[in-house]
Amino acid sequence: MPSIEIFGFYFFFWSNEFIGERLEPLHIHVSKGAPSKDAPKWWINKNGEVRLARDYNFQRYGIKDSDIPTIEKIIHDNYRSFYEMWANHFIGENIEFKDF
């Protein structure tokens, strides 16, 4: 599970990010503290824009509502690095972006 810690938040993805045989579009999970399988997920588009995948109970993952803008800025500012993490981990897979 590749991960990176930035300002106390863990940004990560799982080694099994497939739906059937197809790799999910580029995204990153975020938690404060130990990564959790169902931690909040943000989609990343090809321009580095981010969108929360669905509603989450953020407090369950150590995230306050006031942390959300900071998290989204970190993802945006580092989206190329997250893409490289995916490319290095999922070698040979077609990495797609979510359109929004």
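As the structure is a computational prediction, the values presented were derived from the model and not from experiment.
Residues satisfying the side-chain hydrogen bond (donor to acceptor under 3.5 Å, both in side chains) test with Lys46, not counting sequence neighbours, are none. Remark: Asn57 pairs with Gln59, Arg60 by the side-chain contact (heavy atoms from CB on, under 4.5 Å) rule, at least two apart or across chains. Applying the side-chain hydrogen bond (donor to acceptor under 3.5 Å, both in side chains) criterion to Ser36, with sequence neighbours excluded, gives Asp38. For Asn45, the side-chain contact (heavy atoms from CB on, under 4.5 Å) test picks out Asn47, Glu49, Phe100, with sequence neighbours left out.
Residues Ile4 and Phe82 come closest through the heavy atom pair CG2-CE2, 3.8 Å. Taking all atoms of both residues into account, the shortest heavy-atom contact from Ala34 to Ser31 is O-OG, 3.5 Å. For Met85 against Pro2, the heavy-atom pair with the smallest separation is CE-CB, 3.8 Å. What you find for Phe11 and Ile28 is that their closest heavy atoms are CB-CG1, 3.9 Å.
Remark: Ile75 CD1 to Ile6 CD1 distance equals 9.0 Å, nearest 0.5 Å. Atom-to-atom distance recorded for Thr70:OG1 and Lys64:NZ is 9.5 Å, nearest 0.5 angstrom.
Phe13 and Phe90 have their aromatic ring centers within a separation under 6.0 angstrom.
For the side chain to side chain donor-acceptor pair (under 3.5 Å) condition, the pairs that include at least one residue of residues 80-90, sequence neighbours left out, are Ser15-His89. Applying the ring-ring contact (aromatic ring centres under 6.0 Å, His included) definition to pairs two or more places apart or across chains, those involving residues 36-69 are His27-Trp43. Evaluation of the salt bridge (charged side-chain N to carboxylate O under 4.0 Å, His left out) test over residues 12-30, restricted to residues two or more places apart or in two chains, returns Arg22-Glu96, Glu24-Lys41.
In the hydrophobic clustering of this structure, Phe7 groups with Ile68; members are Ile, Leu, Val, Met, Phe, Trp, Tyr whose side-chain heavy atoms approach within less than 4.5 Å, directly or through other members.
The backbone N or O of Ile63 sits nowhere less than 3.5 Å from a side-chain atom of Asp67 that would complete a donor-acceptor pair.
Counting Ile, Leu, Val, Met, Phe, Trp and Tyr side chains that sit under 4.5 Å apart, directly or through other members, Trp14 shares a hydrophobic cluster with Met1, Tyr10, Phe12.
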